[in-house]
Amino acid sequence: MKPNEDSLALMKRVQAMCLQGQLAGAELDLHNAHRQAGCPALVRVVLAALLARRGKHEDAHAVLCGPQPDAARSSDDLHQFKLAISILLSLDRPEDAAEIGKAFHRAYGHEATRWMRQMSVPGANRLSWSPDQQIDELARDLAREPKAIPALVFAQQQRRDLQTIELLRKAIRRIVPLFEHDPQQITMVCRAMAELSLMAGDHPQARRWAHRGLEEDPYCAPLALLINRLRDDGSTTLPARSVLSCVAQQFPQYPDIQAALIRRESAEGRDDDAKRRLADWLDREPYSPDALKLQEDLAA
(Lines give C-alpha, C1' and ligand atoms only; values in the text may rest on other atoms or scores of the structure.)
Protein backbone atom coordinates (compact mmCIF):
# COMPACT_ATOMS: atom_id res chain seq x y z
CA MET A 1 0.00 0.00 0.00
CA LYS A 2 1.43 3.38 -0.99
CA PRO A 3 1.75 6.14 1.62
CA ASN A 4 -1.57 7.88 2.29
CA GLU A 5 -3.42 5.34 0.11
CA ASP A 6 -6.64 4.02 1.58
CA SER A 7 -7.90 0.48 1.06
CA LEU A 8 -10.47 1.50 -1.55
CA ALA A 9 -7.81 3.17 -3.70
CA LEU A 10 -5.61 0.09 -3.29
CA MET A 11 -8.41 -2.20 -4.41
CA LYS A 12 -9.08 -0.09 -7.48
CA ARG A 13 -5.38 -0.19 -8.37
CA VAL A 14 -5.18 -3.94 -7.78
CA GLN A 15 -8.29 -4.48 -9.91
CA ALA A 16 -6.75 -2.50 -12.77
CA MET A 17 -3.52 -4.49 -12.50
CA CYS A 18 -5.39 -7.80 -12.58
CA LEU A 19 -7.38 -6.73 -15.63
CA GLN A 20 -4.09 -5.85 -17.34
CA GLY A 21 -2.61 -9.25 -16.51
CA GLN A 22 -0.21 -7.89 -13.89
CA LEU A 23 -1.15 -10.51 -11.30
CA ALA A 24 2.32 -10.78 -9.75
CA GLY A 25 2.45 -7.04 -9.18
CA ALA A 26 -1.05 -7.00 -7.71
CA GLU A 27 -0.14 -9.85 -5.36
CA LEU A 28 3.04 -8.03 -4.26
CA ASP A 29 1.11 -4.85 -3.44
CA LEU A 30 -1.43 -6.86 -1.47
CA HIS A 31 1.36 -8.61 0.43
CA ASN A 32 2.82 -5.23 1.38
CA ALA A 33 -0.59 -4.01 2.59
CA HIS A 34 -1.19 -7.26 4.45
CA ARG A 35 1.98 -6.75 6.53
CA GLN A 36 0.78 -3.39 7.77
CA ALA A 37 -1.03 -3.02 11.07
CA GLY A 38 -4.80 -2.82 10.82
CA CYS A 39 -4.93 -4.51 7.42
CA PRO A 40 -8.56 -4.45 6.19
CA ALA A 41 -10.31 -7.79 5.81
CA LEU A 42 -10.88 -7.09 2.12
CA VAL A 43 -7.11 -7.06 1.49
CA ARG A 44 -6.79 -10.49 3.10
CA VAL A 45 -9.69 -11.85 1.07
CA VAL A 46 -8.34 -10.66 -2.27
CA LEU A 47 -4.77 -11.76 -1.51
CA ALA A 48 -5.96 -15.19 -0.37
CA ALA A 49 -8.10 -15.53 -3.51
CA LEU A 50 -5.10 -14.76 -5.75
CA LEU A 51 -2.95 -17.28 -3.88
CA ALA A 52 -5.66 -19.94 -4.06
CA ARG A 53 -6.02 -19.25 -7.77
CA ARG A 54 -2.37 -20.27 -8.15
CA GLY A 55 -2.95 -23.41 -6.11
CA LYS A 56 -1.18 -22.07 -3.01
CA HIS A 57 -3.97 -23.05 -0.66
CA GLU A 58 -1.79 -23.33 2.46
CA ASP A 59 -0.49 -19.79 1.95
CA ALA A 60 -4.01 -18.56 1.26
CA HIS A 61 -5.27 -20.11 4.47
CA ALA A 62 -2.40 -18.56 6.44
CA VAL A 63 -3.31 -15.14 5.07
CA LEU A 64 -6.94 -15.51 6.13
CA CYS A 65 -5.98 -16.77 9.62
CA GLY A 66 -9.53 -18.14 9.89
CA PRO A 67 -12.41 -15.66 10.23
CA GLN A 68 -13.41 -15.11 13.84
CA PRO A 69 -16.93 -16.17 14.90
CA ASP A 70 -17.45 -12.88 16.75
CA ALA A 71 -16.12 -10.67 13.97
CA ALA A 72 -18.17 -7.69 12.86
CA ARG A 73 -20.75 -8.77 10.34
CA SER A 74 -19.46 -6.82 7.35
CA SER A 75 -19.49 -7.98 3.73
CA ASP A 76 -15.72 -8.53 3.96
CA ASP A 77 -16.17 -10.93 6.88
CA LEU A 78 -18.79 -12.79 4.85
CA HIS A 79 -16.32 -13.24 1.99
CA GLN A 80 -13.68 -14.46 4.45
CA PHE A 81 -15.99 -17.21 5.67
CA LYS A 82 -16.76 -18.34 2.13
CA LEU A 83 -13.16 -18.32 0.95
CA ALA A 84 -11.86 -20.02 4.09
CA ILE A 85 -14.36 -22.88 3.71
CA SER A 86 -13.51 -23.34 0.03
CA ILE A 87 -9.76 -23.31 0.72
CA LEU A 88 -9.97 -25.80 3.59
CA LEU A 89 -12.02 -28.16 1.46
CA SER A 90 -9.42 -27.84 -1.30
CA LEU A 91 -6.82 -28.82 1.31
CA ASP A 92 -8.95 -31.89 2.16
CA ARG A 93 -9.55 -30.59 5.68
CA PRO A 94 -13.33 -31.04 6.05
CA GLU A 95 -13.20 -31.02 9.86
CA ASP A 96 -11.57 -27.58 9.93
CA ALA A 97 -13.94 -26.38 7.21
CA ALA A 98 -16.87 -27.59 9.29
CA GLU A 99 -15.65 -25.53 12.27
CA ILE A 100 -15.54 -22.43 10.11
CA GLY A 101 -18.92 -23.46 8.70
CA LYS A 102 -20.44 -23.52 12.18
CA ALA A 103 -19.23 -19.99 12.82
CA PHE A 104 -20.48 -18.95 9.39
CA HIS A 105 -23.87 -20.43 10.14
CA ARG A 106 -24.09 -18.83 13.58
CA ALA A 107 -23.27 -15.43 12.13
CA TYR A 108 -25.27 -15.57 8.89
CA GLY A 109 -27.82 -18.38 9.28
CA HIS A 110 -29.91 -18.78 6.14
CA GLU A 111 -27.38 -17.00 3.93
CA ALA A 112 -24.76 -19.59 4.87
CA THR A 113 -26.82 -22.64 3.91
CA ARG A 114 -28.13 -20.94 0.78
CA TRP A 115 -24.60 -20.18 -0.40
CA MET A 116 -23.45 -23.76 0.17
CA ARG A 117 -26.43 -25.09 -1.75
CA GLN A 118 -26.39 -22.64 -4.65
CA MET A 119 -22.64 -22.70 -5.26
CA SER A 120 -22.35 -26.51 -5.02
CA VAL A 121 -19.02 -26.06 -3.23
CA PRO A 122 -16.87 -29.17 -3.91
CA GLY A 123 -16.76 -31.28 -0.76
CA ALA A 124 -19.55 -29.32 0.91
CA ASN A 125 -21.55 -32.51 1.33
CA ARG A 126 -19.04 -33.49 4.01
CA LEU A 127 -19.89 -30.47 6.13
CA SER A 128 -22.54 -30.36 8.79
CA TRP A 129 -23.29 -27.74 11.39
CA SER A 130 -27.06 -27.60 11.83
CA PRO A 131 -28.87 -30.31 9.82
CA ASP A 132 -32.32 -29.51 11.18
CA GLN A 133 -31.94 -25.85 10.39
CA GLN A 134 -30.78 -26.71 6.89
CA ILE A 135 -33.93 -28.76 6.40
CA ASP A 136 -36.15 -25.99 7.77
CA GLU A 137 -34.56 -23.34 5.58
CA LEU A 138 -34.71 -25.46 2.44
CA ALA A 139 -38.34 -26.31 3.19
CA ARG A 140 -39.17 -22.62 3.50
CA ASP A 141 -37.42 -21.88 0.19
CA LEU A 142 -39.30 -24.67 -1.59
CA ALA A 143 -42.61 -23.62 -0.08
CA ARG A 144 -42.07 -20.17 -1.57
CA GLU A 145 -40.83 -21.54 -4.91
CA PRO A 146 -42.23 -25.06 -5.48
CA LYS A 147 -41.30 -24.86 -9.17
CA ALA A 148 -37.71 -25.38 -8.06
CA ILE A 149 -38.46 -28.90 -6.82
CA PRO A 150 -38.40 -30.69 -10.23
CA ALA A 151 -35.19 -28.85 -11.16
CA LEU A 152 -33.48 -29.97 -7.95
CA VAL A 153 -34.59 -33.56 -8.50
CA PHE A 154 -33.34 -33.46 -12.09
CA ALA A 155 -29.97 -32.16 -10.88
CA GLN A 156 -29.65 -35.17 -8.58
CA GLN A 157 -30.51 -37.51 -11.44
CA GLN A 158 -27.59 -36.06 -13.39
CA ARG A 159 -25.12 -36.04 -10.50
CA ARG A 160 -26.26 -38.04 -7.51
CA ASP A 161 -25.29 -37.07 -3.97
CA LEU A 162 -26.98 -39.17 -1.28
CA GLN A 163 -26.72 -36.53 1.46
CA THR A 164 -28.35 -33.94 -0.77
CA ILE A 165 -31.04 -36.44 -1.74
CA GLU A 166 -31.83 -37.09 1.92
CA LEU A 167 -31.90 -33.36 2.64
CA LEU A 168 -34.37 -32.84 -0.22
CA ARG A 169 -36.56 -35.73 0.90
CA LYS A 170 -36.82 -34.38 4.44
CA ALA A 171 -37.42 -30.79 3.32
CA ILE A 172 -40.07 -31.66 0.73
CA ARG A 173 -41.81 -34.00 3.16
CA ARG A 174 -42.32 -31.07 5.54
CA ILE A 175 -44.20 -29.00 2.98
CA VAL A 176 -46.48 -31.72 1.57
CA PRO A 177 -49.49 -30.48 3.61
CA LEU A 178 -49.26 -27.12 1.83
CA PHE A 179 -50.25 -28.75 -1.45
CA GLU A 180 -52.87 -31.27 -0.32
CA HIS A 181 -55.70 -29.31 -1.96
CA ASP A 182 -53.89 -28.61 -5.24
CA PRO A 183 -53.98 -31.77 -7.42
CA GLN A 184 -51.38 -30.52 -9.87
CA GLN A 185 -48.91 -29.47 -7.19
CA ILE A 186 -49.36 -32.54 -5.01
CA THR A 187 -48.81 -34.77 -8.05
CA MET A 188 -45.57 -32.92 -8.75
CA VAL A 189 -44.47 -33.27 -5.14
CA CYS A 190 -45.32 -36.97 -5.05
CA ARG A 191 -43.38 -37.54 -8.24
CA ALA A 192 -40.37 -35.71 -6.76
CA MET A 193 -40.54 -37.76 -3.58
CA ALA A 194 -40.90 -40.99 -5.54
CA GLU A 195 -37.88 -40.17 -7.73
CA LEU A 196 -35.75 -39.15 -4.74
CA SER A 197 -36.76 -42.28 -2.81
CA LEU A 198 -35.84 -44.43 -5.80
CA MET A 199 -32.43 -42.74 -6.05
CA ALA A 200 -31.93 -43.36 -2.33
CA GLY A 201 -32.73 -47.05 -2.79
CA ASP A 202 -35.85 -46.75 -0.66
CA HIS A 203 -38.20 -48.72 -2.91
CA PRO A 204 -41.13 -49.00 -0.47
CA GLN A 205 -41.27 -45.22 -0.15
CA ALA A 206 -40.81 -44.75 -3.89
CA ARG A 207 -43.78 -47.06 -4.50
CA ARG A 208 -45.86 -45.33 -1.82
CA TRP A 209 -45.28 -41.84 -3.20
CA ALA A 210 -45.85 -42.93 -6.78
CA HIS A 211 -49.23 -44.48 -5.96
CA ARG A 212 -50.11 -41.43 -3.87
CA GLY A 213 -49.48 -39.26 -6.91
CA LEU A 214 -51.57 -41.52 -9.12
CA GLU A 215 -54.50 -41.04 -6.77
CA GLU A 216 -54.44 -37.39 -7.88
CA ASP A 217 -53.60 -38.03 -11.53
CA PRO A 218 -54.24 -41.63 -12.69
CA TYR A 219 -52.83 -40.76 -16.13
CA CYS A 220 -49.45 -39.41 -15.00
CA ALA A 221 -47.06 -41.10 -17.42
CA PRO A 222 -43.83 -40.43 -15.47
CA LEU A 223 -45.30 -42.01 -12.34
CA ALA A 224 -46.51 -45.01 -14.32
CA LEU A 225 -43.03 -45.50 -15.76
CA LEU A 226 -41.50 -45.15 -12.32
CA ILE A 227 -43.81 -47.81 -10.90
CA ASN A 228 -42.83 -50.04 -13.81
CA ARG A 229 -39.22 -49.83 -12.60
CA LEU A 230 -40.21 -51.31 -9.24
CA ARG A 231 -41.08 -54.84 -8.33
CA ASP A 232 -44.80 -55.38 -7.80
CA ASP A 233 -45.83 -55.45 -4.17
CA GLY A 234 -48.95 -57.36 -3.21
CA SER A 235 -49.89 -54.65 -0.71
CA THR A 236 -50.32 -52.02 -3.44
CA THR A 237 -53.73 -51.50 -4.98
CA LEU A 238 -52.64 -51.73 -8.60
CA PRO A 239 -49.80 -53.71 -10.18
CA ALA A 240 -47.53 -51.98 -12.68
CA ARG A 241 -49.29 -53.58 -15.65
CA SER A 242 -52.63 -52.12 -14.62
CA VAL A 243 -51.14 -48.67 -14.09
CA LEU A 244 -49.43 -48.73 -17.49
CA SER A 245 -52.59 -50.02 -19.17
CA CYS A 246 -54.61 -47.13 -17.75
CA VAL A 247 -52.15 -44.54 -19.07
CA ALA A 248 -51.70 -46.32 -22.40
CA GLN A 249 -55.43 -46.29 -23.00
CA GLN A 250 -55.60 -42.57 -22.27
CA PHE A 251 -52.47 -41.70 -24.26
CA PRO A 252 -51.93 -44.24 -27.06
CA GLN A 253 -49.52 -41.79 -28.70
CA TYR A 254 -46.93 -42.15 -25.88
CA PRO A 255 -44.35 -44.62 -27.27
CA ASP A 256 -42.52 -45.10 -23.96
CA ILE A 257 -45.75 -46.10 -22.23
CA GLN A 258 -46.77 -48.46 -25.03
CA ALA A 259 -43.35 -50.08 -25.10
CA ALA A 260 -43.20 -50.45 -21.31
CA LEU A 261 -46.64 -52.07 -21.19
CA ILE A 262 -45.91 -54.48 -24.03
CA ARG A 263 -42.62 -55.52 -22.46
CA ARG A 264 -44.33 -55.95 -19.10
CA GLU A 265 -47.08 -58.12 -20.60
CA SER A 266 -44.51 -60.24 -22.43
CA ALA A 267 -42.39 -60.66 -19.29
CA GLU A 268 -45.46 -61.75 -17.33
CA GLY A 269 -46.31 -64.44 -19.91
CA ARG A 270 -49.17 -62.53 -21.53
CA ASP A 271 -47.71 -62.99 -24.99
CA ASP A 272 -51.05 -62.82 -26.81
CA ASP A 273 -51.90 -59.48 -25.16
CA ALA A 274 -48.43 -58.14 -25.94
CA LYS A 275 -48.61 -59.19 -29.61
CA ARG A 276 -52.11 -57.79 -30.02
CA ARG A 277 -51.12 -54.47 -28.48
CA LEU A 278 -48.02 -54.26 -30.66
CA ALA A 279 -50.08 -55.03 -33.76
CA ASP A 280 -52.51 -52.24 -32.86
CA TRP A 281 -49.59 -49.88 -32.42
CA LEU A 282 -48.16 -50.78 -35.83
CA ASP A 283 -51.58 -50.30 -37.41
CA ARG A 284 -51.66 -46.77 -36.01
CA GLU A 285 -48.02 -46.01 -36.76
CA PRO A 286 -46.59 -48.44 -39.34
CA TYR A 287 -43.23 -46.69 -39.43
CA SER A 288 -42.77 -45.99 -35.73
CA PRO A 289 -39.09 -46.74 -34.95
CA ASP A 290 -40.00 -47.60 -31.36
CA ALA A 291 -42.65 -50.10 -32.42
CA LEU A 292 -40.42 -51.65 -35.08
CA LYS A 293 -37.52 -51.99 -32.64
CA LEU A 294 -39.84 -53.59 -30.09
CA GLN A 295 -41.10 -56.00 -32.74
CA GLU A 296 -37.52 -57.09 -33.41
CA ASP A 297 -36.76 -57.51 -29.70
CA LEU A 298 -39.84 -59.64 -29.06
CA ALA A 299 -39.10 -61.81 -32.09
CA ALA A 300 -35.50 -62.46 -30.99
Side-chain angles (χ1 to χ4, degrees), residues 114 117-118 132 134-158 160-162 164-265 268 277 280-281 284 290:
R114 182 173 56 189
R117 189 167 63 247
Q118 290 178 344
D132 288 342
Q134 278 186 286
I135 295 167
D136 290 340
E137 289 170 352
L138 179 56
R140 283 195 293 270
D141 283 348
L142 296 179
R144 286 192 295 265
E145 195 62 40
K147 291 180 181 178
I149 293 174
L152 291 171
V153 173
F154 179 78
Q156 289 306 308
Q157 289 171 329
Q158 305 309 304
R160 189 173 307 187
D161 178 81
L162 290 178
T164 302
I165 288 170
E166 285 307 311
L167 176 62
L168 283 168
R169 289 177 72 190
K170 291 175 181 177
I172 296 171
R173 181 66 186 86
R174 292 191 181 187
I175 62 174
V176 169
L178 299 177
F179 309 114
E180 290 287 357
H181 302 294
D182 186 332
Q184 185 174 1
Q185 291 279 48
I186 193 64
T187 301
M188 177 272 291
V189 168
C190 288
R191 180 183 170 189
M193 289 295 290
E195 291 284 3
L196 290 168
S197 298
L198 189 59
M199 283 187 274
D202 189 349
H203 290 191
Q205 283 298 308
R207 186 180 296 107
R208 173 181 171 271
W209 283 106
H211 280 281
R212 173 68 181 85
L214 286 169
E215 290 176 9
E216 299 293 337
D217 182 3
Y219 305 121
C220 181
L223 285 177
L225 291 172
L226 187 149
I227 286 174
N228 188 51
R229 291 155 61 189
L230 300 169
R231 183 178 300 174
D232 277 343
D233 182 352
S235 65
T236 59
T237 305
L238 292 173
R241 177 172 46 79
S242 298
V243 173
L244 288 168
S245 179
C246 179
V247 179
Q249 186 174 354
Q250 181 71 12
F251 300 111
Q253 72 275 22
Y254 286 5
D256 49 353
I257 291 291
Q258 293 294 331
L261 177 54
I262 291 169
R263 290 184 187 279
R264 169 71 67 165
E265 288 176 332
E268 293 181 357
R277 193 176 300 278
D280 291 342
W281 186 4
R284 293 193 306 272
D290 297 292

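In what follows, residues are counted from 1 in the order of the sequence shown.
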**Prompt:** Arg173 and Gln205: side chain to side chain contact (heavy atoms under 4.5 Å, CB included), yes or no, with the steps?
**Reply:** CA-CA 12 Å; Arg173 181 66 186 86; Gln205 283 298 308; over 6 Å; no
**Request:** Step by step, work out the side chain to side chain contact (heavy atoms under 4.5 Å, CB included) result for Asp202 and Arg169.
**Result:** CA-CA 11 Å; Asp202 189 349; Arg169 289 177 72 190; 2.8 Å; yes
**Request:** Kindly indicate, with the supporting measurements, whether the criterion side chain to side chain contact (heavy atoms under 4.5 Å, CB included) is fulfilled by Val189 and Leu178.
**Result:** CA-CA 10 Å; Val189 168; Leu178 299 177; over 6 Å; no
**Message:** Would Ser245 and Arg277 count as a side chain to side chain contact (heavy atoms under 4.5 Å, CB included) here? Give the steps.
**Reply:** CA-CA 10 Å; Ser245 179; Arg277 193 176 300 278; 4.3 Å; yes
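Minimum heavy-atom separation, Ala148 to Leu142: CB-CD2, 4.3 Å. Closest heavy-atom contact between Pro255 and Trp281: O-CH2, 3.6 Å. For the residue pair Val176 and Trp209, the shortest heavy atom distance occurs at CG2-CH2, 3.8 Å. Nearest heavy-atom pair, Ala171 versus Ala139, reported as atom, atom and distance to 0.1 Å: O-CB, 3.6 Å. When all heavy atoms are compared, the tightest approach of Pro146 to Met188 is O-CE, 3.6 Å. In terms of heavy atoms, Ala200 sits closest to Leu162 at CA-CD2, 4.4 Å.
Looking at heavy atoms from C-beta onward, Val247 lies out of side-chain contact with Leu261 at the 4.5 angstrom threshold. Looking at heavy atoms from C-beta onward, Met199 lies in side-chain contact with Val153 at the 4.5 angstrom threshold.
Using a distance-only test at 3.5 Å, with no hydrogens or angles considered, a donor-acceptor pair links the side chain of Asp232 to the main chain of Ala240.
The CD1 atom of Ile257 sits 3.5 Å away from atom CG of Leu225, with the distance rounded to the nearest 0.5 Å. Here the SG atom belonging to Cys220 is positioned 13.0 Å from the CD atom belonging to Glu215, to the nearest 0.5 angstrom. Atom CZ of Arg140 and atom CD1 of Ile175 lie 12.0 Å apart (nearest 0.5 Å). Distance CD1/Ile165 to CG/Leu152: 11.5 Å, rounded to 0.5 Å. Here Leu196 contributes atom CG and Gln156 contributes atom CD; the two are 7.5 Å apart, rounded to the nearest 0.5 Å. The NZ atom of Lys170 sits 12.0 Å away from atom CG of Leu138, with the distance rounded to the nearest 0.5 Å.
Ion pairing between Arg212 and Glu180 holds under the 4.0 Å rule for side-chain N and carboxylate O.
Remark: Gln250 CD is packed, more than 12 non-hydrogen atoms of other residues, nucleotides or ligands lying under 6.0 Å away. Other residues, nucleotides and ligands contribute over 12 non-hydrogen atoms within 6.0 Å of the CD atom of Gln253. Other residues, nucleotides and ligands place more than 12 heavy atoms under 6.0 Å from the CZ atom of Phe251.
Among the candidates Arg207, Arg241, His211, the single residue satisfying the side chain to side chain contact (heavy atoms under 4.5 Å, CB included) test with Ile227 is His211.
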